[in-house]
Amino acid sequence: MVTLLYSPHLITRRIMPENQEFPMLSLSSRITPEHLFYIRNHFPYPHVDMRTWGLSIEGCVNKPRYFRYHELLKMPQVTLPVTLECVGDKRSFFQPKTRGEQWGLGAISHAVWTGVRLQDLLLAADVQRHAHEVTFEGMDKGVRTDMPGVFSYKRSLSLEHSLHPDTIVALYMNGKPLPYRHGYPARLIVPGWYGMASVKWLHRIVVIEENFQGPYQVVDYVYDRKPLTPSSPEPVSTIRLNSTIAEPTDQEVLAKGENWVWGTAISGRDPVDLVEISTDNGNTWLAASWMDQYEAYSWRRWCWKWRVTESGTYDLKVRAKDTAGNMQSEMADWNVKGYGYNAIQHIRVYVN
Ligand code: MTE
């Protein structure tokens, strides 16, 4: 049986597997409500039977463990606000075009996640000294177009990153049990990293001695910049500095007077400390104001009041700067799979 959950509130990019994006115009609060949160799946939804579900911890551990749901619920919980962004977000803006889901602006959303520190689960299993990485397996599986076989969605993290106190196995999203589409009963949350690391429908954690070589680790989710020559591509990790105009939208017609320009900014590395807007195609820039406080791992909304006295065509741009002095640039870092688009956003509006 195929489960389709398809939300009518989201922008659909694909029905099978279900891939839907957050409509940026619906950005009325910092936290994205469940029905608007983007969805990125590689396979059909898995069947989850809570009578048998458990989370196993195995491999290079002295005490293999099998946690039932009620046991996880009873463990100490932490709550973290974390923005998830698919590394394919904004892929449709790459020139030349690249393969993959043609996401617009909204393969990104923000929620408050509550769960158990992965550290606590690993400590309970007593990780062996020669352990090197930890793999995370989702319950969903299916075929790939580029190699034979059936694969689960499986990723790895270094042992060090797995033991980071902010890496959690989430059981709740926005104060309610994790929704099925977002990985019920448990998912990994890797704050600051692109969304591929946050494995949904998690049921198996294996501690290993070597580098994990699964296709969702070494074939997908690498920045491959040389299509024709062999290269050793850089793995995708933290969310790049980025900013987005939610409103007005590209090609919108506005009236003279006061118009609000607003949107979001994010970085998974150094905090964003400035967002600037240009209405003259990047010749002059003015600072926007923050609508949200700084919070680690979280997008931050900004706004800017634009007083327009002259009718005409305006090229609006937004760019963000971080505390390390990095600034978004005009050119995207083109790569074969269309990952990590973070060029300055440019829209054109008309004032009557
Ligand atoms: N986990 C499993 N089990 N299967 C998946 O297809 N997709 C990953 C990640 N975790 C995926 C997964 C990707 S690429 C992203 S961007 C996020 O989940 C999306 O999370 P969401 O659907 O809750 O927004």
Side-chain angles (χ1 to χ4, degrees), residues 3-7 9-14 16-23 31-48 53 55 82-91 100-101 103 106-113 115 135-144 150-157 167-174 176-205 214-217 219-222 235-240 242 266 268 299 337-341:
T3 312
L4 277 183
L5 295 170
Y6 173 74
S7 165
H9 309 281
L10 295 173
I11 302 166
T12 300
R13 294 284 161 211
R14 193 170 304 273
M16 179 54 76
E18 210 168 74
N19 284 324
Q20 296 189 290
E21 70 180 77
F22 167 62
I31 294 177
T32 316
E34 178 191 333
H35 68 285
L36 291 176
F37 204 101
Y38 86 98
I39 292 172
R40 168 64 174 121
N41 295 327
H42 290 76
F43 304 124
Y45 287 101
H47 176 65
V48 180
W53 184 88
L55 177 60
V82 174
T83 300
L84 287 190
E85 181 179 22
C86 181
V87 69
D89 192 23
K90 301 189 176 178
R91 178 181 284 129
E101 224 68 300
W103 297 107
I108 183 166
S109 301
H110 179 79
V112 176
W113 309 90
T135 64
F136 305 91
E137 188 179 289
M139 298 171 77
D140 49 337
K141 48 170 83 102
V143 294
R144 295 175 55 96
V150 174
F151 298 88
S152 309
Y153 187 80
K154 194 169 168 189
R155 293 267 316 168
S156 75
L157 281 181
T167 307
I168 64 170
V169 172
L171 306 168
Y172 300 89
M173 173 176 158
N174 296 339
K176 290 197 275 191
L178 208 58
Y180 175 52
R181 290 191 296 184
H182 297 291
Y184 178 83
R187 82 176 294 171
L188 193 66
I189 289 289
V190 183
W193 277 45
Y194 280 112
M196 75 285 146
S198 295
V199 177
K200 302 191 272 189
W201 308 292
L202 183 63
H203 72 146
R204 196 161 172 238
I205 296 179
Y216 298 97
Q217 193 75 25
V219 179
D220 297 336
Y221 302 117
V222 291
V236 170
S237 59
T238 47
I239 297 178
R240 291 175 167 177
N242 217 334
I266 180 121
W299 69 10
K337 298 202 173 191
Y339 291 147
Y341 184 97

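Note that the structure is a prediction, hence the values are computed from the model and not measured. Remember, it's 1-based here, ligands and their atoms both numbered in the order they're listed.
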With Arg13 as the cation and Tyr38 as the aromatic partner, state whether NZ or CZ is under 6.0 Å from the six-membered ring centre and within 45° of the axis. no

Please work out, at 4.0 Å between heavy atoms, whether the side chain, the backbone, both, or neither of Ser109 comes within that distance of ligand 1. neither

Below 3.5 Å, N or O to N or O, backbone or side chain included: is there any such pair between Arg187 and ligand 1? yes

The closest protein heavy-atom partner of atom 4 (N) of ligand 1 is Asp140 OD2, 2.6 Å

Value rounded to 0.5 Å, distance of CD1 in Ile189 from CZ in Arg187: 4.5 Å

Euclidean distance, His42 NE2 relative to Asn19 CG, rounded to 0.5 Å: 8.0 Å

Identity and distance of the protein heavy atom lying nearest atom 9 (C) of ligand 1: Gly195 O, 3.2 Å

Look only at interatomic distance and state if Arg40 has a nitrogen or oxygen under 3.5 Å from any nitrogen or oxygen of ligand 1. yes

Counting only nitrogen or oxygen atoms and a 3.5 angstrom limit, does Asn41 reach ligand 1? no

How close does the nearest protein non-hydrogen atom get to atom 24 (O) of ligand 1, and which residue and atom is it? Tyr38 O, 2.7 Å

Quick one: does ligand 1 sit under 4.0 Å from the side chain of Phe37, the backbone, both or neither, non-hydrogen atoms only? side chain

When rounded to the nearest 0.5 angstrom, what distance separates CG in Leu188 from CH2 in Trp193? 10.5 Å

Any atom of ligand 1 sitting under 4.0 Å from a heavy atom of Arg155? no

I want to know if ligand 1 touches Arg181 in the polar sense, i.e. an N/O pair below 3.5 angstrom. no

Taking the ring of Tyr153 and the ring of Phe43, is the distance between their centroids below 6.0 Å? no

For the residue pair Tyr216 and Tyr221, is the inter-centroid distance of their aromatic rings smaller than 6.0 Å? no

For atom 22 (O) of ligand 1, the protein heavy atom that lies nearest, with its residue and separation: Lys200 NZ, 2.5 Å

Could Asp140 and Lys200 be called an ion pair, given the rule that one side-chain N must be under 4.0 Å from one carboxylate O? no

Heteroatom proximity flag, Tyr221 to ligand 1, N/O under 3.5 Å: no

Return yes if some donor-acceptor pair links the side-chain N/O of Asn242 with the main-chain N/O of Ile266 below 3.5 Å, else return no. no

Got the closest protein heavy atom to atom 10 (N) of ligand 1, with its distance? Ser198 O, 3.0 Å

Relative to the heavy atoms of Cys86, which atoms of ligand 1 are at a distance of less than 4.0 Å? 16 (S)

What atoms of ligand 1 come closer than 4.0 angstrom to any heavy atom of Val199? 1 (N), 10 (N)

Pair Tyr45, Arg181 - check side chain to side chain contact (heavy atoms under 4.5 Å, CB included), show working. CA-CA 8 Å; Tyr45 287 101; Arg181 290 191 296 184; 3.5 Å; yes

When rounded to the nearest 0.5 Å, the distance separating NE2 of His47 from CH2 of Trp201 is 14.0 Å

For atom 8 (C) of ligand 1, which protein heavy atom lies nearest, and how many Å away is it? Tyr153 OH, 3.7 Å

